[in-house]
Structure formats: structure tokens, C-alpha cells
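Residues take their numbers from the sequence shown, with the count starting at 1. Read the numbers this way: they start at 1 and go in the same order the structure lists the ligands and their atoms.
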Amino acid sequence: MIYAFKIGFLEVRWVDIIDILLVSVLLYQVYKLLKGSVAVRVLVGFLSLYLIYLVVRAAQMELLAGILGQFMGVGVLAAIIIFSQEIRKFLLILGKTSFRKNGVLESLLIWRKKKPKVNMNLTAVIEASKSLSGSNTGALMVFSRNTELKFYADSGDLLDAFISKRLLISIFNKYSPLHDGAVILYEGKIKAARCLLPVSERENLPAQYGLRHRAALGMSEATDTLILIISEETGQMSIARNGKIDSNLSAPEIRKKLNRYLNEEEEEATETDKKESLEVAS
Ligand SMILES: Nc1ncnc2c1ncn2[C@@H]1O[C@H](COP(=O)(O)OP(=O)(O)OP(=O)(O)O)[C@@H](O)[C@H]1O
């Protein structure tokens with residue numbers, strides 16, 4: 001066996017160094033993922049308990065070690081249940097990174113067909129958004145390029161209607177029975193209205209963000225979607241994507257971001273674009 005170096009009786013192999021590096025990267029990614037969420041506290045609680053268990057076991061305190069041991073036995077299962085959202089997010093990020101343009105996996109999967117451009121009536125969306133923003137009418141629109149988001153669409157009223165400016169304005173009119181919640185747009189259609197979105201549990205959000213923004217952020221954390229928010233209070237238009245909110249955007253900026261999202265050109269976003277985005281809770 002080839003050793004990298006020796007510290008006293010401890011022989012360190014190259015594999016050990018790689019192992020430590022990989023664990024460090026993994027722990028850093030987990031920390032980045034959980035940063036700012038309540039899950040961090042649960043994780044710290046778990047780790048503290050595990051440390052106490054190690055100490056108790058080393059001190060041979062049989063009774064306490066037995067009780068904590070039982071708890072640790074189901075710990076992995078409990079962690080999977082408690083961190084299900086975070087694990088999902090982590091796998092999503094992993095999948096997304098591996099499938100990036102020129103990614104290793106993508107070059108291996110040569111049969112992967114190039115997706116056709118999504119045909120969406122963006123002019124209607126932009127015109128409706130300008131009108132809603134101008135009249136301070138709150139709105140929440142979820143754009144999906146890969147799935148029809150059946151689970152979320154089922155929480156509202158199914159429409160399956162072609163997108164038009166008038167329809168969007170009518171839905172979000174505050175006297176309309178459909179105005180509450182979000183609309184889901186997929187493959188050029190308004191799939192459903194009055195949909196319930198998952199609310200983000202981030203703690204350090206700006207004070208002006210109420211439930212509408214939290215729901216948009218939560219949806220962008222849980223799924224590969226882009227969410228357009230129109231504030232009822234200020235009329236401002238914002239976009240939530242990948243756990244970030246870009247606030248106070250103009251109509252051309254919204255169109256650009258929607259175009260980029262729908263046509264999978266996001267990786268080509270310029271550095272300036274990236275800097276402009278306000279990373280919430282980081
Ligand atoms: N989980 C949810 N899913 C979908 N829509 C939601 C959800 N929670 C709240 N909303 C929508 O947000 C509206 C409440 O918005 P609220 O005023 O609390 O948010 P806000 O972020 O301060 O936005 P605004 O700037 O428009 O006031 C609700 O009437 C509803 O339409």
C-alpha cells in the first residue's frame with residue numbers, strides 16, 4: 001500500500017486524503033443548502049445528540065448509551081423524513097449540474113434529444129403583467145418548461161386555456177373567484193388557477209416580502225420553475241428562480257428572463273445579470 005505520509009503511528013493514504021476532501025465538499029454543500037433555514041437548527045440538534053452519544057458510550061454509561069443508541073438507530077430514517085425537502089433540493093441541484101451544457105453526463109448521453117423551443121405567448125403575458133402592475137393588482141404566475149406540475153395544478157381549478165392578456169387580467173381581478181393563489185403556465189396554456197404553492201421557510205427575508213413572495217420563493221426552491229410575482233402593495237414585478245428573487249424588474253427584463261428560462265439558455269447568463277440578482281437569505 002502506498003502511503004502519502006505518516007504521523008506517529010497513523011499512516012495516511014492518498015485515498016484517505018481524497019475521502020476527507022470529498023466529505024468536506026459534501027458538508028460544505030449541505031451547509032450552503034441549509035443556510036438560513038430552520039433545518040440548520042435541527043441538524044445542529046442531531047449532531048449535538050450524536051456527540052453526547054459518543055461521549056456517553058466512551059464513558060461506558062450503559063443506560064444512557066442504550067437509550068441514545070436506540071435513538072441513533074432510527075436517526076438515519078428520521079433524518080430522511082425531517083430533511084426530505086432539503087434532500088430533494090440537493091438531488092435536484094445535483095441532477096441539474098450534471099446535465100448542464102457540455103456536462104460529463106450529457107456528453108455521455110448522446111441520445112438525449114434537444115428539446116424543442118417552448119411555444120408560449122409571451123407578449124400576452126408581458127402585456128397582462130404591465131396592466132396588472134399598473135393597477136396594483138397582485139398576481140402569481142408559475143412558468144414550467146418540463147412538467148405540467150400536476151400535483152400543484154390539482155390544488156387549484158383546472159383550466160387548460162390558451163394564454164391571453166384578457167384571460168390573465170380577468171383571473172387576477174380582485175373580484176374574480178379565481179384570483180387567490182397562483183396560475184400555472186405550461187406549453188402555451190394556463191393549466192390551472194387558484195393553485196397553492198409551498199411556502200419558503202427562510203427566516204431572514206426582507207420585511208416587505210409577505211406570503212405571496214414566500215410562496216413564489218418556496219416554489220422556486222422546490223421545483224425547476226420560474227415564478228413571476230406582481231405585488232399588490234407596490235405594483236412591482238419580480239421573478240423567483242432557484243431560491244432567489246430578482247425584484248423590481250422592468251417588462252423587457254421579465255421578457256428576457258422568461259425567454260432564457262423557456263429556451264434553456266440560463267447557463268449563458270452574463271455575470272452582470274448574476275450580480276443583479278438579489279440572493280435572499282445568503
Ligand atoms: N401558499 C400560497 N400559494 C399561492 N398563493 C399564495 C400563497 N400564500 C399566499 N398567496 C397569495 O398571496 C396573497 C397574499 O399576499 P401577501 O399580501 O401576504 O403577500 P406579499 O408578498 O406581501 O405581496 P404583496 O406585495 O402583493 O402584498 C394571497 O391573497 C394569495 O393570493
Q: Show the numbers, then the answer: is there a side chain to side chain donor-acceptor pair (under 3.5 Å) between R255 and T123?
A: CA-CA 8 Å; R255 180 186 274 276; T123 305; 3.1 Å; yes
**Q.** Candidate pair S247 and Y209, rule side chain to side chain donor-acceptor pair (under 3.5 Å), full reasoning
**A.** CA-CA 11 Å; S247 331; Y209 289 172; 2.9 Å; yes
Q.
Between S231 and Q236, is the side chain to side chain donor-acceptor pair (under 3.5 Å) condition met? List the steps.
A. CA-CA 5 Å; S231 166; Q236 277 185 11; over 6 Å; no
Q: Report the C-alpha distance between M120 and F143 in whole Å, list the side-chain angles of each, state the deciding distance to 0.1 Å, and finish with yes or no for side-chain contact (heavy atoms from CB on, under 4.5 Å).
A: CA-CA 10 Å; M120 181 95 66; F143 294 84; 3.9 Å; yes
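Listed for the D180 side chain is no donor-acceptor partner under 3.5 Å among the backbone atoms of R194.
Note that K189 lies in the cation-pi zone of F162, set by a 6.0 Å cut-off to the ring centre and a 45° limit from the axis.
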Under a 3.5 Å threshold, I'd like every N/O contact between ligand 1 and protein atoms, with atom names and distance.
| unit_1 | atom_1 | unit_2 | atom_2 | d |
| --- | --- | --- | --- | --- |
| ligand 1 | 1 (N) | L197 | O | 2.9 |
| ligand 1 | 3 (N) | L197 | N | 2.8 |
| ligand 1 | 18 (O) | L211 | N | 3.2 |
| ligand 1 | 19 (O) | L211 | N | 3.3 |
| ligand 1 | 19 (O) | R212 | N | 3.0 |
| ligand 1 | 21 (O) | G210 | N | 2.8 |
| ligand 1 | 21 (O) | G210 | O | 3.3 |
| ligand 1 | 21 (O) | R212 | N | 3.4 |
| ligand 1 | 21 (O) | H213 | N | 3.1 |
| ligand 1 | 21 (O) | H213 | ND1 | 2.6 |
| ligand 1 | 22 (O) | G210 | N | 3.2 |
| ligand 1 | 25 (O) | S231 | OG | 2.5 |
| ligand 1 | 26 (O) | R212 | NE | 3.0 |
| ligand 1 | 26 (O) | R212 | NH2 | 3.3 |
| ligand 1 | 26 (O) | E232 | N | 2.6 |
| ligand 1 | 29 (O) | D180 | OD1 | 2.8 |
| ligand 1 | 31 (O) | D180 | OD1 | 2.8 |
| ligand 1 | 31 (O) | G181 | N | 2.9 |

